2 protein chains.
Amino acid sequence: MNDTKTKILDVAEGLVQRVGLNAMSYQHVSDAVGVRKASIHHHFPKKENLVEALLERCHFSYGDNYQTIVDGAGSAPDKLRQLAAVFADGLQKQQLCLVGTISADLNTLSESSRQALEATIQETVNIFVIVFKQGQQEDSLSFSSLAEEAAYAFFSFLLGAQISARACGGEESFRNATEAIISSWEN
Amino acid sequence: MNDTKTKILDVAEGLVQRVGLNAMSYQHVSDAVGVRKASIHHHFPKKENLVEALLERCHFSYGDNYQTIVDGAGSAPDKLRQLAAVFADGLQKQQLCLVGTISADLNTLSESSRQALEATIQETVNIFVIVFKQGQQEDSLSFSSLAEEAAYAFFSFLLGAQISARACGGEESFRNATEAIISSWEN
DNA sequence: GCATGCCTACCTACTGATAGGTTGGTTGCC
DNA sequence: GGCAACCAACCTATCAGTAGGTAGGCATGC
């Protein structure tokens with residue numbers, strides 16, 4: 001992969017996570033990368049191309065990140081705490097989960113970006129589901145709903161907690177809230 | 001309260017909830033209200049004034065809304081479901097909780113707006129806390145964390161679930177996820 | 001060996017649209 | 001008269017996106 005192109009994606013990703021999609025401009029990216037704005041357009045003609053590239057990359061980087069945790073050793077509650085820790089890391093840098101910020105601007109997205117977003121969310125939740133199924137099998141987690149629903153709920157909680165903790169309460173509130181959720185499922 | 005001023009706030013609120021703070025412009029508001037852009041500036045000189053007015057109003061309207069539910073008859077789990085239903089109503093209109101959308105754009109806010117936001121979140125969580133304390137007293141809810149932490153977690157979950165459900169899964173996913181969370185606390 | 005053609009990466013310079021915000025009024029009510 | 005509400009016209013900054021061009025790498029054919 002081209003070096004500049006990767007740098008553009010890195011910078012854009014950080015900006016979107018910090019200030020949101022609509023406050024991230026090609027000029028900001030251009031300044032930070034050190035190439036002219038037209039060069040950003042050379043690599044990503046329209047903003048929606050950039051957004052979709054970000055989502056695709058997220059699917060192959062964050063997805064791997066989650067997958068590693070899920071595939072690792074340890075109990076299901078442990079793995080939920082590790083997944084939450086990924087979100088806590090972002091929070092520390094005042095950054096939201098990419099999927100979360102982009103979802104917040106859903107109604108300003110193109111149709112193709114919306115579809116890319118939906119697919120990324122679905123795949124992320126699918127990875128989370130594995131932990132809840134493990135929890136059922138080893139009897140370390142108890143929940144009356146389906147594993148799919150619990151995984152979706154947990155992912156949603158992490159998105160929301162990151163947003164509210166950044167605005168009010170910070171990392172400590174995030175940790176406490178996470179523990180409040182996980183312990184309610186833990187056996 | 002002035003009629004036009006109220007109409008401006010109504011329109012702005014809906015826009016922010018639908019497309020987000022940075023995609024809501026004075027021109028959009030002006031078009032929808034039927035007065036000129038300069039008149040919006042007459043009532044709210046800077047955008048941050050509008051934002052703060054929205055948050056204040058939210059504190060006195062949504063806050064009342066929540067308070068009515070909390071003060072009503074019924075068990076604590078029932079009240080949690082009623083609170084969730086308020087968020088489900090917004091979702092149906094493709095609208096996010098005002099506090100949620102504004103929080104997503106936290107890093108583009110002025111300092112005073114940030115403080116107004118923080119206060120609104122804190123007061124909202126404080127209302128939610130009452131339900132969790134009721135749940136402890138009547139033994140209808142069980143959680144190992146503090147009522148404050150559980151309330152914060154529940155509010156965070158609702159924010160996140162609204163965002164993820166709008167992007168992926170819709171109202172049904174929202175309902176299922178809500179049930180997955182509430183039932184884990186329910187006795 | 002080298003000229004031709006094509007490609008990628010990047011540039012300067014620009015466009016039209018829109019953003020938030022200001023100035024200097026006019027109108028009508030207390 | 002004074003004030004609140006409103007307006008047309010304007011400002012500057014910035015947005016996404018485009019036009020047109022340059023420099024260098026790499027292949028082809030002679």
Side-chain angles (χ1 to χ4, degrees), chain A residues 1-16 18-55 101-102 104-114 116-117, chain B residues 1-55 57 101-102 104-114 116-117:
Chain A
M1 169 79 92
N2 184 292
D3 195 52
T4 303
K5 201 164 180 173
T6 306
K7 208 170 168 190
I8 292 170
L9 286 169
D10 287 343
V11 166
E13 185 173 312
L15 274 170
V16 172
R18 237 166 286 136
V19 300
L21 193 56
N22 288 319
M24 179 276 287
S25 77
Y26 270 37
Q27 193 57 62
H28 291 143
V29 176
S30 150
D31 291 344
V33 172
V35 294
R36 299 292 152 168
K37 192 165 69 73
S39 304
I40 316 285
H41 279 285
H42 167 70
H43 292 286
F44 304 99
K46 313 251 170 199
K47 210 176 175 183
E48 57 177 284
N49 302 129
L50 216 188
V51 172
E52 286 157 38
L54 284 175
L55 286 169
T101 8
I102 295 179
D105 288 322
L106 183 85
N107 286 335
T108 65
L109 259 44
S110 72
E111 187 50 45
S112 57
S113 299
R114 247 193 283 252
L117 176 64
Chain B
M1 168 79 93
N2 183 294
D3 194 51
T4 302
K5 201 165 181 173
T6 306
K7 208 170 167 190
I8 292 169
L9 286 169
D10 287 342
V11 166
E13 185 172 313
L15 274 170
V16 172
Q17 292 181 283
R18 236 165 288 137
V19 301
L21 193 55
N22 287 320
M24 179 275 288
S25 77
Y26 269 37
Q27 192 57 61
H28 291 144
V29 176
S30 150
D31 292 343
V33 172
V35 293
R36 298 293 149 168
K37 193 163 70 76
S39 304
I40 316 284
H41 279 285
H42 168 71
H43 292 286
F44 305 99
K46 314 248 170 202
K47 208 177 177 182
E48 57 178 284
N49 302 128
L50 216 187
V51 172
E52 285 158 38
L54 284 175
L55 285 169
R57 209 173 67 139
T101 7
I102 296 179
D105 289 322
L106 183 86
N107 286 335
T108 65
L109 258 44
S110 72
E111 188 50 44
S112 56
S113 299
R114 246 193 284 252
L117 176 64

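Given the structure is predicted, the values throughout are model-derived calculations rather than measurements. Labels below follow one simple rule: chain letters A, B, ... track the order of the sequence lines, proteins then strands, and each chain is numbered from 1.
- Taking every heavy atom of residues 39-51 of chain A and every atom of DNA chain C, pairs under 4.0 Å involve A:Ser39, A:His42, A:His43, by number.
- Residue pairs meeting the salt bridge (Lys or Arg N to Asp or Glu O under 4.0 Å) criterion with at least one partner in residues 10-23 of chain B, sequence neighbours excluded, are B:Asp10-B:Arg57, B:Glu13-B:Arg57.
- Of the possible polar contacts, one joining the A:Lys47 side chain to the A:Met24 backbone as a donor-acceptor pair under 3.5 Å is found.
- Of all nucleotides in DNA chain C having an atom under 4.0 Å from a heavy atom of chain B, the first and last in 5' to 3' order are C:dA19 to C:dT22.
- Screening residues 23-33 of chain B for salt bridge (Lys or Arg N to Asp or Glu O under 4.0 Å) gives no qualifying pairs among residues at least two apart or on separate chains.
- A distance-only check finds no donor-acceptor pair linking the side chain of B:Ser113 to the backbone of B:Glu52 [under 3.5 Å].
- By the 4.5 Å heavy-atom criterion applied to side chains, B:Val29 and B:Ile8 are counted as neighbours.
- Judged purely by atom type and a 3.5 angstrom limit, B:Ser25 uses its side chain to pair as donor or acceptor with the backbone of B:His28.
- Between A:Phe44 and A:Val51 the shortest side-chain heavy-atom distance does not fall below 4.5 Å.
- Between B:Leu9 and B:Leu50 the shortest side-chain heavy-atom distance falls below 4.5 Å.
- Residues from residues 31-38 of chain A lying near DNA chain C, meaning a heavy-atom separation below 4.0 Å, are A:Val35, A:Arg36, A:Ala38 in numerical order.
- Whole-Å rounding puts the B:Ile8 CD1 to D:dA4 C1' distance at 13 Å.
- The side chain to side chain contact (heavy atoms under 4.5 Å, CB included) test applied to A:Lys46 returns A:Glu48, A:Asn49, not counting sequence neighbours.
- Counting non-hydrogen atoms of other residues, nucleotides and ligands closer than 6.0 Å to CZ of A:Arg36 gives a total of 12 or fewer.
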